[in-house]
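Encoded as structure tokens, the structure appears first; notes follow it.
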Amino acid sequence: MAALTTPATTPIEFEYVDSREATDIVGINDSYGVFVDGSFRKPLSKKYLDSLNPATEEHLAKFAQGSERDIDRAVSAARDAFGPWSTLPGAERAKYLFRIARMLQERAREFALVETLDGGKPIREARDFDVPTAAAHFFYYAGWADKLEYAFPGLDTRPVGVAGQIIPWNFPLLMLAWKIAPALATGNTVVLKPAETTPLTALLFAELLVEAELPPGVVNIVTGDGETGAALVQHEDVDKIAFTGSTAVGKAIQRTLAGTRRRLTLELGGKAPHIVFEDAPMDQAVEGVVNGIFFNQGHVCCAGSRLLVNEAIAPQFIAKLKRRLNTLRVGDPLDKNTDVGAINSREQLDRITDLVAVGQSEGAEMYQPECSLPSQGYWFTPTLFLGVAQSHRIAREEIFGPVLSVMTFRTPDEAIDKANNTPYGLSAGVWTSKGSRILWMADRLKAGVVWANTYNKFDPSSPFGGYQESGFGREGGRHGLLPYVQGVH
Ligand code: NAI
Ligand code: MG
């Protein structure tokens, strides 16, 4: 694989020695078919798309553009596999899930590298967050597979059937794990549709399933773009759709499924408030806010993209925040020192660029550290907007990039009013040294998850999901089993 030649040079006080992760253990095929009934097959569509490395714009592999017929073949395979898989004792299903989890751990480095190459996220994050958390989800749900009568005492629960699962490009392997692990633990079979810019870890995962000797048809993976996803949603023999992605597509899916017997869970966008009180530990809060918005280039549904800071400390806090922005290292995702990697695609870069231009034209004051970006690939400088009004589009719309909109408040009530002034409701962050204030805020914030004095903490045992236009249904924890069982109300 060709080297990245133009690392970014953010002006920082001292330089680190290059620490580039070697990619020689990665084997990416030239082309991939669809994974149906336990093996890779040529797509019936005979069509292929390209996956790029967004940090270099290099071509990585061709992958199938699954058609309606490919989806149909995958759904039939999942239907045929459903009988035997759903009647297998839970302890037997658990053995497969434990095996998958262990194999993900064994091949963690390879998965992390492929995730970084295909999607542009810093290797540090793929290595320390995406892959271990994905493995942890398989371990966690393996534990539930033979204990479902304890999860739902006194109820006779049955699996739902064939689950159609559509995932986005921001955490490709982790979203795969969130979807597949609970479905399999409860005895369902799956057709998964990865995102079109990041199919490669799902395809590597399909190879892992063959090695794990998972019975054919239990998991089928059909790659392709939104048309492939729409074909899965429309397929009448799918019993349940689980979708993570944009609110617009989520609404379209909901319209398609309205009035049908097919079940639906949606995990959509967000515009999370990150609220800093005057008694917050200031330096930790700066780190939390930086992590909240610049983690994964801000391509995070629960990103803390609206900072609400108490007016009394705002000047000091913003000065510290600017100082911290100047030390973020933007550039080669394979360098272990990199904090902010590449934007996932040209389309996403265009969306970010457009919304940032709107922010400027609406009168917010933009701050960007001096930062020279690589000449190849898709990049965006970490950005603050000061003096943002609630009516500005950058305060209301999901940017899904490294852009933070800063507002102020005077009283806790005002903080709540501003925080809840959004059609979304996925997550929120609160920074204060008073425990009682955390509880007071958590009671009033309309958000599925409220983090206090921390941010972006994930654990497989903890449910995650939204209110309002952020979607419905929970993933993770005991709650995450619910969408995949019938007999519980
Ligand atoms: P998207 O919603 O189009 O893509 C997500 C997944 O849905 C992909 O696998 C895609 O192929 C599939 N898809 C697209 N159209 C479909 C359809 N009609 N039926 C079924 N599946 C379909 O999101 P996109 O265009 O990549 O990003 C647009 C914006 O969405 C981002 O700027 C961000 O604001 C938001 N987004 C939110 C995510 C989250 O984690 N909640 C993840 C990705 C995007
Ligand atoms: Mg790619």
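Just follow the structure's listing: the first ligand is 1, and inside any ligand the first atom is 1.
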K193: numbered ligand 1 atoms lying under 4.0 Å from its heavy atoms: 8 (C), 9 (O), 10 (C), 11 (O)
With sequence neighbours excluded, give me every salt bridge (charged side-chain N to carboxylate O under 4.0 Å, His left out) pair touching residues 456-480. K179-E475, K251-E469
No-hydrogen, no-angle side-chain donor-acceptor test under 3.5 Å, D332 and T338: no
Regarding D237 and R79, does a basic nitrogen lie under 4.0 Å from an acidic carboxylate oxygen? yes
Give the contacting part of Q348 toward ligand 1: side chain, backbone, both or neither, where contact means a heavy-atom distance below 4.0 Å. side chain
Name the closest protein heavy atom to atom 28 (C) of ligand 1, giving the residue it belongs to and the distance to 0.1 Å. R351 NH1, 3.0 Å
Any F243 heavy atom less than 4.0 Å from ligand 1: yes
Ligand 1 contact on H299 by region, counting heavy-atom pairs under 4.0 Å: neither
Ignoring hydrogens, just give me the one of D225, V249, L232 whose non-hydrogen atom is nearest atom 18 (N) of ligand 1. V249
Candidate pair T56 and Q376, rule side-chain hydrogen bond (donor to acceptor under 3.5 Å, both in side chains), full reasoning: CA-CA 5 Å; T56 60; Q376 287 291 103; over 6 Å; no
Classify the ring geometry of W144 against Y140: parallel below 30°, tilted from 30° to 60°, perpendicular beyond 60°. perpendicular
If the threshold is 4.0 Å, N to carboxylate O, is there a salt bridge linking D239 and R261? yes
Protein residue, atom and distance nearest to atom 10 (C) of ligand 1, heavy-atom basis: E196 OE1, 3.5 Å
Looking only at protein heavy atoms, which one is nearest to atom 2 (O) of ligand 1, and how far off is it? S246 OG, 2.7 Å
To check your reading of the model: name the closest protein heavy atom to atom 34 (O) of ligand 1, its residue, and the distance in Å. E398 OE1, 2.7 Å
What is the nearest protein non-hydrogen atom to atom 13 (N) of ligand 1, stated with its residue, atom name and distance? G226 CA, 3.6 Å
Atom 44 (C) of ligand 1: nearest protein contact (heavy atom, Å): F400 CE2, 3.7 Å
Strictly below 4.0 Å, N to O, side chains only: are E287 and R324 in salt-bridge contact? yes
Side chain or backbone, does I166 bring an N or O within less than 3.5 Å of an N or O on ligand 1? no
When you compare the side chains of W431 and H274, does any donor N or O come within less than 3.5 Å of an acceptor on the partner? yes
Check: I399 N/O within less than 3.5 Å of ligand 1 N/O: no
Residue, atom and distance of the protein heavy atom nearest atom 42 (C) of ligand 1 read P168 CB, 3.3 Å
Are any of the side-chain nitrogens in D70 or K193 under 4.0 Å away from the carboxylate oxygens of its partner? no
Aromatic plane relationship, F458 with W178 - under 30° parallel, 30 to 60° tilted, over 60° perpendicular: tilted
What are the atoms of ligand 1, with element, lying closer than 4.0 Å to any heavy atom of C301? 39 (C), 40 (O), 41 (N)
Counting non-hydrogen protein atoms only, what is the nearest one to atom 6 (C) of ligand 1? Give residue, atom name and distance. I167 O, 3.7 Å
Closest non-hydrogen atoms of T265 and K240, given as atom of the first, atom of the second and distance, are OG1-NZ, 2.8 Å
For the Mg ion (ligand 2), which protein N/O/S atoms fall under 2.8 Å? Skip waters. S51 OG, L52 O, D118 O, D118 OD1, T197 O
Under the salt bridge (charged side-chain N to carboxylate O under 4.0 Å, His left out) rule, what pairs show up with a residue in residues 28-44, not counting sequence neighbours? none
Report yes if some N/O of L268 lies less than 3.5 Å from some N/O of ligand 1; otherwise report no. yes
Geometric cation-pi criterion K62 and Y32, 6.0 Å radius, 45° cone: no
Among residues two or more places apart or on two chains, list those pairs meeting salt bridge (charged side-chain N to carboxylate O under 4.0 Å, His left out) that have a residue in residues 378-396. R393-E397
